[in-house]
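Following: one structure in structure tokens, then a few remarks.
For this chain, numbers begin at 1 and follow the sequence in order. Remember, it's 1-based here, ligands and their atoms both numbered in the order they're listed.
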Amino acid sequence: MEEPSKLADLAREIAEEAGRLLVHGRPGDLGVLSTKSSPTDVVTEMDTAAERLIRDRIALARPGDAVLGEEGGGQAGSSGVTWVVDPIDGTVNYLYDLPAWAVSIGVEVDGVTVAGAVAAPRLGEVYTGWLGGGAWCNGRQIAVRSDTGLAGALVATGFGYQAARRDRQGAVVAGLLPRVRDIRRAGSAALDLCSVACGRVDAYFERGTQVWDRSAGGLIAAEAGATVAGFRGAQASEAMTLAASAATFGLLHDVLVELGADRDDY
Ligand code: IPD
Ligand code: CA
């Protein structure tokens with residue numbers, strides 16, 4: 001039996017250690033090591049160093065577990081437990097030394113996310129959650145903001161790295177802006193989900209996230225009382241991830257479907 005609270009504790013410890021490496025080991029002249037899906041989808045030497053540390057710590061503590069990491073890919077295990085790792089979520093913020101970036105570690109047992117930790121050391125915050133155990137920030141239990149209605153909703157979102165998708169995402173935001181309180185684009189999907197969890201925004205949506213962006217934060221938001229899902233009853237996925245308290249979720253869902261927020265074409 002894997003105890004979700006113990007897995008969350010270990011995820012937090014490892015995320016905090018990686019966070020310390022990222023704060024204290026960040027070179028003053030940090031540059032781009034390589035690029036991925038587009039010239040602005042960057043990897044720094046610190047993304048790879050942090051993921052190496054996280055993989056080493058998991059292998060030491062739980063040698064039978066599988067790991068799926070943004071930079072290093074999948075590594076099979078035998079225990080049924082998979083660690084889903086984003087060493088730096090918000091890499092562009094990290095590159096520019098903006099503080100909104102995080103180490104995100106989710107833990108799945110037989111494909112179900114049961115624990116997660118999101119450490120944001122430059123914000124002095126670490127979020128944790130485990131299945132049935134609630135959501136926490138720096139040891140304090142957190143909960144979503146109560147429903148404000150669509151016109152009162154502060155909505156976080158993010159944009160992909162490819163020009164065609166961004167073109168469409170811009171159009172969706174243009175359609176949404178007149179109908180909500182305002183929009184925020186902080187630059188880290190994991191932190192956006194934690195912001196829903198602690199009531200700093202009312203909702204978050206994004207097309208194009210990867211599982212390591214949303215694994216830990218999605219569980220933390222759900223444990224804080226959010227509905228976290230895709231469109232039309234689907235699970236949260238790369239196609240669409242939407243998180244908000246139940247009533248706001250329903251209202252925003254319908255507007256975003258109408259605006260075609262899960263499409264890249266017109
Ligand atoms: C990105 C961030 C960003 C989101 C992108 C992600 P990365 O992750 O979470 O906020 O808009 O979709 O890819 O590249 O910084 O790990
Ligand atoms: Ca990421």
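With salt bridges taken as basic N to acidic carboxylate O contacts below 4.0 Å, none links Arg20 and Glu16. Using a 4.0 Å cut-off between charged nitrogen and carboxylate oxygen, Arg165 and Asp264 count as a salt-bridge pair. In this structure, Glu206 does not pair ionically with Arg185, as no charged nitrogen and carboxylate oxygen lie closer than 4.0 Å.
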Would you tabulate the side-chain donor-acceptor contacts of residues 113-126 under 3.5 Å, counting partners in other chains and residues two or more places apart, or write 'none'?
{"residue": "Arg122", "atom": "NH2", "partner": "Asp97", "partner atom": "O", "Å": "3.3"}
{"residue": "Arg122", "atom": "NH2", "partner": "Asp97", "partner atom": "OD1", "Å": "3.2"}
{"residue": "Glu125", "atom": "OE1", "partner": "Tyr127", "partner atom": "OH", "Å": "2.9"}
{"residue": "Glu125", "atom": "OE1", "partner": "Arg200", "partner atom": "NH1", "Å": "3.1"}
{"residue": "Glu125", "atom": "OE2", "partner": "Arg200", "partner atom": "NH1", "Å": "3.3"}
{"residue": "Glu125", "atom": "OE2", "partner": "Arg200", "partner atom": "NH2", "Å": "2.5"}

Side-chain donor-acceptor pairs of residues 222-237 under 3.5 Å, sequence neighbours excluded:
{"residue": "Glu223", "atom": "OE1", "partner": "Gly132", "partner atom": "N", "Å": "3.4"}
{"residue": "Glu223", "atom": "OE1", "partner": "Gly133", "partner atom": "N", "Å": "3.4"}
{"residue": "Glu223", "atom": "OE1", "partner": "Gly134", "partner atom": "N", "Å": "2.9"}
{"residue": "Glu223", "atom": "OE2", "partner": "Gly132", "partner atom": "N", "Å": "2.8"}
{"residue": "Arg232", "atom": "NH1", "partner": "Asp262", "partner atom": "OD2", "Å": "3.1"}
{"residue": "Ser237", "atom": "OG", "partner": "Ala239", "partner atom": "N", "Å": "3.1"}

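Thr40 places none of its side-chain heavy atoms less than 4.5 Å from the side chain of Val92. Considering only heavy atoms from C-beta on, Leu177 comes within 4.5 Å of Asp182 through its side chain.
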- [ ] Would you sort out whether Arg166 and Gln169 count as a side chain to side chain contact (heavy atoms under 4.5 Å, CB included), showing the intermediate values?
- [x] CA-CA 5 Å; Arg166 295 168 74 82; Gln169 286 173 321; 4.2 Å; yes
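Excluding waters, the count of protein N/O/S atoms less than 3.0 Å from the Ca ion (ligand 2) comes to 3.
Closer than 4.0 angstrom to ligand 1 sit non-hydrogen atoms from Glu70, Asp86, Ile88, Asp89, Gly90, Thr91, Gly158, Phe159, Tyr161, Arg185, Gly187, Ser188, Ala189, Glu206, Asp213.
Proximity of a side-chain donor or acceptor of Ser195 to a complementary backbone N or O of Val201 within less than 3.5 Å is not detected.
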